[in-house]
*Asks:* 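Sharing a structure with you now.
Source: prediction; values computed, not measured. Just so it is clear, the values below take in all heavy atoms, side chains as well, and ignore hydrogens, waters and symmetry mates.
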Amino acid sequence: MTTSSHHVSGSQPWLHQKGEVIQDFGTVKQFPLGLSYEARMYSCQRLNKVLADTQILYGLYKKHHWLMRGATFYQLHLVLDKHAGEQLELVDTLAERVQSLGGVAVGDLRHVAEITSVPRPPDGVEEVPAMLSRLLEAHEAILVDAHDAAARTAALGDDGTNDLFVSQVIRTGELQSWFLAEHLVDTPLVRS
């Protein structure tokens, strides 16, 4: 603001602020949750990995939704958008679980790209079966990780994280995988 500017009321935002990092990624603060530090730290690590992969899966769903082609365009366009919305809900749920355990959820997409194990797709448009296969492979990677994480967090006594993995990540992933896989079945033509 220059000295020649008119006086601005107290509603002027304080722009270009910088701050100190008050909690590093990969740490957990103490919350009275009845869970050990080790259990909360382990759960946050596993949740952040699934969170990163889920954010990438969400992005894949949106990409393939936009780029869908062919005779099944309309129904797949709608299904992929529905699945993307469900994955986005999981992203929020996973991130909030990390935060509720005292951790720091991975949120920056550049950081997500460093953590994810889901392979990057080509920048261009793939054939429809390849797009669906790519989504199925991402689902399977997340499901394998979520099954293992569910068992290990249960063994550590973190029932809330176990429940999230089982009732939301695994069940949603299995259902979405079924819907996608059925689109890849080669059904013979019925002749009369």
Side-chain angles (χ1 to χ4, degrees), residues 25 43-101 103-151 153-154 158-185 187:
F25 182 81
S43 291
C44 286
Q45 290 169 348
R46 296 304 298 266
L47 286 160
N48 268 320
K49 173 65 172 70
V50 172
L51 173 57
D53 289 344
T54 302
Q55 289 180 71
I56 296 298
L57 179 57
Y58 164 75
L60 282 175
Y61 265 115
K62 289 306 286 188
K63 175 182 179 164
H64 297 332
H65 159 77
W66 297 321
L67 302 179
M68 191 47 53
R69 310 279 165 93
T72 58
F73 166 81
Y74 185 70
Q75 85 183 90
L76 280 173
H77 183 75
L78 295 179
V79 164
L80 297 182
D81 199 39
K82 177 182 181 291
H83 285 192
E86 292 166 354
Q87 289 299 317
L88 188 56
E89 286 181 30
L90 279 176
V91 165
D92 196 50
T93 302
L94 288 161
E96 288 177 353
R97 181 65 187 168
V98 171
Q99 294 301 126
S100 73
L101 291 171
V104 177
V106 59
D108 182 86
L109 291 179
R110 294 163 294 191
H111 191 188
V112 167
E114 294 170 1
I115 295 173
T116 189
S117 60
V118 175
R120 182 178 174 171
D123 291 336
V125 180
E126 295 178 286
E127 295 175 348
V128 172
M131 286 190 236
L132 298 180
S133 291
R134 186 173 298 284
L135 289 166
L136 284 168
E137 289 165 9
H139 270 296
E140 187 172 31
I142 292 169
L143 287 166
V144 166
D145 197 20
H147 280 290
D148 181 67
T153 55
D158 186 353
D159 298 324
T161 300
N162 167 272
D163 179 61
L164 170 56
F165 281 132
V166 173
S167 68
Q168 295 184 51
V169 175
I170 293 171
R171 288 198 180 130
T172 300
E174 288 175 345
L175 188 62
Q176 289 183 349
S177 292
W178 171 49
F179 271 71
L180 294 176
E182 290 299 330
H183 278 90
L184 293 174
V185 173
T187 57

*Asks:* Just one of His64, Lys63, His83 clears the side chain to side chain contact (heavy atoms under 4.5 Å, CB included) bar with Leu135, so which one?
*Replies:* His64
*Asks:* Out of curiosity, Glu127 CD to Arg69 CZ, how far, rounded to the nearest 0.5 Å?
*Replies:* 11.0 Å
*Asks:* First locate atom CG of Leu101, then atom OG1 of Thr161, and finally report the distance between them rounded to the nearest 0.5 Å.
*Replies:* 4.5 Å
*Asks:* For residues Ala138 and Leu60, report the shortest heavy-atom separation together with the two atoms involved.
*Replies:* CB-CD1, 4.2 Å
*Asks:* Considering only heavy atoms from C-beta outward, does the side chain of Lys62 approach that of Trp66 to under 4.5 Å?
*Replies:* yes
*Asks:* Any non-hydrogen side-chain atom of Val91 less than 4.5 Å from a side-chain atom of Gln87?
*Replies:* no
*Asks:* For Thr172 and Gln168, which heavy atoms make the closest approach, and how far apart are they?
*Replies:* OG1-O, 2.7 Å
*Asks:* Answer whether the closest heavy-atom distance between the side chains of Tyr61 and Leu180 falls below 4.5 Å.
*Replies:* yes
*Asks:* Taking Arg97's backbone N and O only, do any of them form a donor-acceptor pair with Ser100's side chain (distance below 3.5 Å, no angle check)?
*Replies:* yes
*Asks:* Quick check for you: to the nearest 0.5 Å, what is the distance between Thr116 atom OG1 and Leu51 atom CG?
*Replies:* 10.0 Å
*Asks:* Kindly give the heavy-atom pair with the smallest separation between Ala149 and Phe165, and that separation in Å.
*Replies:* CB-CE1, 3.5 Å
*Asks:* Which atoms form the tightest heavy-atom contact between Pro119 and Arg134, and what is the distance?
*Replies:* O-NH1, 4.3 Å
*Asks:* Does Glu140 CD have over 12 foreign heavy atoms under 6.0 Å away?
*Replies:* no
*Asks:* Between CE of Met68 and CD of Gln75, what distance do you get to the nearest 0.5 Å?
*Replies:* 10.0 Å
*Asks:* Are the side chain of Asp53 and the backbone N or O of Ser117 linked by a donor-acceptor pair below 3.5 Å?
*Replies:* yes
*Asks:* Can you confirm whether Leu90 sits close enough to Leu57 that some side-chain heavy atom of one is under 4.5 Å from a side-chain heavy atom of the other?
*Replies:* no
*Asks:* Is there a side-chain contact between Lys82 and Val79 in this structure, where contact means two heavy atoms from C-beta onward sitting under 4.5 Å apart?
*Replies:* no
*Asks:* Any side-chain heavy atom of Ile142 sitting closer than 4.5 Å to one from Val50?
*Replies:* yes
*Asks:* Kindly say whether Arg46 contributes a backbone atom to a donor-acceptor pair with the side chain of Asp145 at under 3.5 angstrom?
*Replies:* no
*Asks:* Is there a donor-acceptor pair under 3.5 Å between the side chain of Thr153 and the backbone N or O of Ala150?
*Replies:* yes
*Asks:* Heavy atoms only: give me the nearest Val169-Leu143 pair and the separation to one decimal.
*Replies:* O-CD2, 4.2 Å
*Asks:* Side-chain donor-acceptor pairs under 3.5 Å in residues 105-112, sequence neighbours left out?
*Replies:*
residue, atom, partner, partner atom, Å
Asp108, OD1, Arg110, NH2, 2.8
Asp108, OD2, Arg110, N, 3.0
Asp108, OD2, Arg110, NE, 3.0
Asp108, OD2, His111, N, 3.4

*Asks:* If you measure from CG on Leu132 to CD on Glu182, what distance do you get to the nearest 0.5 Å?
*Replies:* 12.0 Å
*Asks:* Considering non-hydrogen atoms only, spot the tightest contact between Ile115 and Phe25 and give its length.
*Replies:* CD1-CZ, 4.0 Å
*Asks:* Are Glu126 and Leu67 packed together at the side-chain level, in the sense that at least one heavy-atom pair is separated by less than 4.5 angstrom?
*Replies:* no
*Asks:* OG1 of Thr93 to CG of Leu88: how many Å apart, nearest 0.5 Å?
*Replies:* 9.5 Å
